[in-house]
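Data first, discussion second: the structure below is written as structure tokens.
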Number of protein chains: 2
Amino acid sequence: MGRPPLDLTTDEIVEAACAIFLESGMDAVSMRTVSAQLGVSPEPLYKRIGNKEALLDAMAKRLLVDVAPRPRSGEHWQKYAMRWTAALHDRLSTTPDVRLVIGERREPFVEASRPLAEQLQAAGFTSDAAVQACRLLIWATMGFVVVEAGRHRAPTREQRGGLPGGNPTGISSAEARRLFRLNLKFILDGLARHNGLSAE
Amino acid sequence: MGRPPLDLTTDEIVEAACAIFLESGMDAVSMRTVSAQLGVSPEPLYKRIGNKEALLDAMAKRLLVDVAPRPRSGEHWQKYAMRWTAALHDRLSTTPDVRLVIGERREPFVEASRPLAEQLQAAGFTSDAAVQACRLLIWATMGFVVVEAGRHRAPTREQRGGLPGGNPTGISSAEARRLFRLNLKFILDGLARHNGLSAE
DNA sequence: ACCTGAACACCGTTCAAGT
DNA sequence: ACCTGAACACCGTTCAAGT
């Protein structure tokens, strides 16, 4: 029919895609569903954002853009690192699908870890040590989220052929969260020792 | 044409799928490409393995089935935990696509961690503590692999809008491996302290 | 019983054609 | 300049029809 120019911005596209993602999950996000949501044919999306990979990149970026909490004045570095990690953990845990954020999409994490790296350097970490600490905390969080995400799936076939009496490495959601905090403690204590800094 | 019965086993299907996966990557694995590889129409695959999700489950299982190394007699628990984790790390790092192994596919890890859990219990861990230790090591490895996998991608758009002089949290592959070992040390030391056991 | 081939409802992506 | 609609080459999955 030839609609008038839409002033369709990249932001509007990403927003529509995120809306579909949050409401209906990752598999519901397609160039076609997003363009339909915007009342447009798929082609304009390719004009603005290139392709689906770029759209997913932009969605991951938006999902994580404001995840880092603001440091409080006088806050101990371990305390801030715990808050930062908890914020990342919560954000990723409440995301419908971790696949959005894995693979080759590291830039959003780099952005998110900037305030943490600054805070650590202010506490006496060298630049390199601060970067390493950020990495360790991101790995810990991603590992947890990737392994523990989506434990609510319909049981499939044989389920397990092992011993009776409960899954040998199965733990509850609450236990997993406690274990995650223990992991954090190991890392933060290790970092303090390794960098010759005081623990809280 | 009506070929004679194929005696097409589930194993043959999974093997063909893995061959395609190893050679051409995850996106090349489809019910159609796998069936074509076997010289069959797609329908028999659905008869044997159900659907694509079940095929991916079986592929992940096969990928990890023999990953746990055999414990050596008299080997210290920390030493075996390090070998076990290194084996998992190597297996996942040489896998063309980590997506195969994330999401809701935890059963292969449960199987792989059985020898480790036994070894830890033999060293004095309670059953619960052994399970927790397995979890921590799996998280650490998965976090590393998921974040650091595929760092060889063509640079896309703006790449970064930050400061000049190198990516603030960018580290080389060799540095990443060193950092992974440091992470392991933090966890193993923490486990030793937390469970009142001797470090090596 | 087991396989084939066509079919259905989707994808990502491109491109001539319209306004 | 920007959008539409059709098209191409794929998907996962199902099912009547053949042997």
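Every chain is numbered from 1 and lettered A, B, ... according to where its sequence line falls, protein lines coming before strand lines.
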With a cut-off of less than 4.0 Å, is there a side-chain N or O of B/Arg48 near OP1 or OP2 of C/dC3? yes
A/Leu45 CG to D/dG5 P, in whole Å, measures 16 Å
Encoded 5' to 3' (Watson-Crick or G-U under 3.5 Å; [ ] crossing; | other strand), DNA chain D becomes ||.|||||...|||||.||
Is the closest side-chain heavy-atom distance between B/Trp139 and A/Val146 below 4.5 Å? no
Quick one: do A/Thr95 and A/Val101 satisfy side-chain contact (heavy atoms from CB on, under 4.5 Å)? Show the steps, please. CA-CA 9 Å; A/Thr95 291; A/Val101 102; over 6 Å; no
Side-chain ion pair, A/Asp66 and A/Arg91, N-O less than 4.0 Å: yes
Does A/Phe180 have any ring pair (Phe, Tyr, Trp, His ring centres under 6.0 Å) partners at least two apart in sequence or in another chain, and if so, which? A/His89, A/Phe144
Inspect the contact between A/Glu175 and B/Arg135 and indicate whether a charged nitrogen and a carboxylate oxygen are less than 4.0 angstrom apart. no
Donor-acceptor check, side chain of B/Gln78 to backbone of B/Leu188, threshold 3.5 angstrom: yes or no? yes
Base contacts versus sugar-phosphate-only contacts with protein, heavy atoms under 4.0 Å: please encode nucleotides 7-16 of chain C as B, S and - from 5' to 3'. B---BBBBB-
I'd like to know if the side chain of B/Asn183 and the backbone of B/Leu179 have a donor-acceptor N/O pair within less than 3.5 Å. no
Considering only heavy atoms from C-beta outward, does the side chain of B/Tyr80 approach that of B/Pro115 to under 4.5 Å? yes
